[in-house]
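Read through the structure below, which is laid out as structure tokens, and then see the notes.
We name chains A, B, ... by the order of the sequence lines, and we start the count at 1 in each one.
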Amino acid sequence: MKTKILAVLVAITVPICVGIAFAAPMSVQVRNARVRATPSQLGKTVAAVDYGEVVETGAVQNGWYPVTMPDGAKGWLHESALSKKPVAMRAGTSDVDTGVSSDEVALAGKGFNEQVEAKLRAEGTLDYTWVDRMAALEVGAEQIVEFRRQGNLPGGAL
Amino acid sequence: MNARHWLALSIGMGLLTALWFCGCEGVGEVGAELGRATGVLTEDQAESVKRGATAVEKSWQDLTPEQEYYIGRAVAARVFETYQPLDRPEANAYLNLLGQSLAVFSERPETFGGYRFLLLDSDEVNAFAAPGGLILVTRGMLRCCENEDELAAVLAHEICHVQAKHGLRAIKQSRLTEAFTIVAAESAKQLGSEELASLTREFESSVGDVVMTLTTSGYSRTQERDADAAAVRLLKRAGYPEAAILTMLKRMDERLATARGLGFAKTHPSASSRADALKPAIPTAQAAPDAVRQQRFATAMQPVLGGR
């Protein structure tokens, strides 16, 4: 019985230990993301990161990764903004830095992308006028905080 | 099984779980490595398994947020061919304040291009969530909402479709396999004109699959139920009364009673059955809608709704 308990403990702790040991560089997989001072989408912005940038991550906590930027600055990014896979090759980074092959990076950067949309636009197949107008309807974190304050929706569990 | 076997098995399971969590390798690669390590597979066989597995495993889950974004943009553009956008800046600004303030509380707050919302100039009761977060709501659907809380329930449901990538799941596997094969075969960063033409065809077909699901065939009942349940959790996290989704569904049921077979009624399970499924998870006590929220909803939406 004792051995079984030990076995279960090992099965639980090994992945955790390996997970911590593998705390590793991750790539930003959204166009741009704000690194927050606290693990909250409404937290103060300490830095902005762009698609393909690589940040050093610690152990994930409730969907949030503690991240360290190349310049040493620290903050939090939500897991939905990050990928363990490389997403784009950036100027100044090498395969050695990212630990992946150029082929992998090229694969991630291709596919259904800007090049395909440009072809559809050029052919006049699709009209993107309103799609572009929609994209411009961005709301900032400060506006959201104010909207929620006025509407008596304080706090909230982020 | 003796104690040593138990321990060995658990360590193995632990390592496999760890590999899975780390996302270091695909399942096929892990399988191939295990096969090679245990002597079950030869080097050549292991390589073959890896190559075969890589092609087969590519599915909607392998689409990156960037690819999802471009699919979603084309889906929205296609929907605009049938449904005219409602060009009312104040109403759309309010819709985005509300929608984006909900999206930050979702389980997937970050998408490649972010969540955006727009009203459609249609009396049909309907709403569409294009992959990546472009969410479209008809004037007819807006009429089912008497206050901000109920509109929040509609938007939360759509955000949860995006969160669960229900739109991407509508894409036929054959198209994705073809697209990934084209991409993998071409090593250059920019695609050649022939490959680009083939890929664009697969892209258009994939977009067609999603549009067909959104506007005609609808998501599965399970996906709708999941989006409803996730919407209740999202409303709660954002501080909105969960019961708002029940009052909204009740009003929708009344409106749809006169429009069977059209729009939302065509693509969604009945509003009353959705409400029945949700009731056990929602507190019955309901506070009166907040006065400020009621007022700002009316100010932004009355001009659009007119006499309802």
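The aromatic rings of Phe203(B) and Phe112(A) sit perpendicular, their planes meeting at an angle over 60°, well past the 30° parallel limit.
The pair Asp121(B)-Arg88(B) does not meet the salt-bridge criterion, since no charged nitrogen lies less than 4.0 angstrom from a carboxylate oxygen.
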The test is side chain to side chain contact (heavy atoms under 4.5 Å, CB included); show your working for Leu126(A) and Arg121(A) and say whether it passes. CA-CA 6 Å; Leu126(A) 277 179; Arg121(A) 280 178 186 262; over 6 Å; no
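Side-chain polar atoms of Lys74(A) and Thr68(A) form a donor-acceptor pair below 3.5 angstrom. Residues Thr200(B) and Glu204(B) bring no donor and acceptor atom of their side chains to less than 3.5 Å of each other. Remark: the Asp290(B) side chain and the Asn152(A) side chain contain an N/O donor-acceptor pair separated by less than 3.5 Å. Defined by atom type and a distance below 3.5 Å, a donor-acceptor pair is missing between the side-chain atoms of Tyr51(A) and Gln29(A).
Within a 6.0 Å radius of CD in Glu194(B), other residues, nucleotides and ligands contribute 12 heavy atoms or fewer.
With a 4.5 angstrom heavy-atom cutoff, Leu199(B) touches chain A via backbone and side-chain atoms both. For Phe80(B), the part sitting under 4.5 Å from any heavy atom of chain A is the side chain, from C-beta outward, and nothing else. Using a 4.5 Å cut-off between heavy atoms, Thr125(A) contacts chain B through both its backbone and its side chain. Heavy-atom distances place both the backbone and the side chain of Ala197(B) under 4.5 Å from chain A. For Tyr69(B), the part lying near chain A is the side chain, with the backbone staying farther off; criterion is any non-hydrogen pair under 4.5 Å. Contact annotation for Gln150(A): both backbone and side-chain heavy atoms come within less than 4.5 Å of a heavy atom of chain B. Only the backbone of Glu107(B) comes within contact range of chain A, with heavy atoms under 4.5 Å apart. Looking at Leu136(B), only its side chain comes within 4.5 Å of chain A, counting heavy atoms on both sides.
The greatest number of non-hydrogen atom pairs below 4.5 Å with chain A, out of Asn92(B), Leu95(B), Leu98(B), is found for Leu98(B). No other option in Gly99(B), Ala74(B), Gly114(B), Gly72(B) has as many heavy-atom pairs under 4.5 Å with chain A as Ala74(B). Counting heavy-atom pairs closer than 4.5 Å to chain A, the top residue among Leu134(B), Val207(B), Leu97(B), Leu63(B) is Leu97(B). For the set Arg78(B), Gln294(B), Glu81(B), Gln100(B), the count of heavy-atom pairs under 4.5 angstrom toward chain A peaks at Gln100(B). Top candidate by heavy-atom pairs under 4.5 Å with chain A, chosen from Pro109(B), Ala77(B), Ala76(B), is Pro109(B). Comparing Arg296(B), Arg108(B), Arg293(B) by how many heavy-atom pairs each has under 4.5 Å with chain A, the most go to Arg296(B). Highest contact tally toward chain B, considering only Leu137(A), Asn32(A), Ile144(A), is held by Leu137(A) [criterion: heavy-atom pairs under 4.5 Å]. Here Arg31(A) is the residue among Arg133(A), Arg31(A), His78(A) with the most heavy-atom pairs under 4.5 Å with chain B.
The salt bridge (Lys or Arg N to Asp or Glu O under 4.0 Å) search around Glu142(A) returns none, not counting sequence neighbours.
Scanning all heavy atoms of the two residues, the minimum distance from Pro131(B) to Val210(B) falls at CD-CG1, 3.9 Å.
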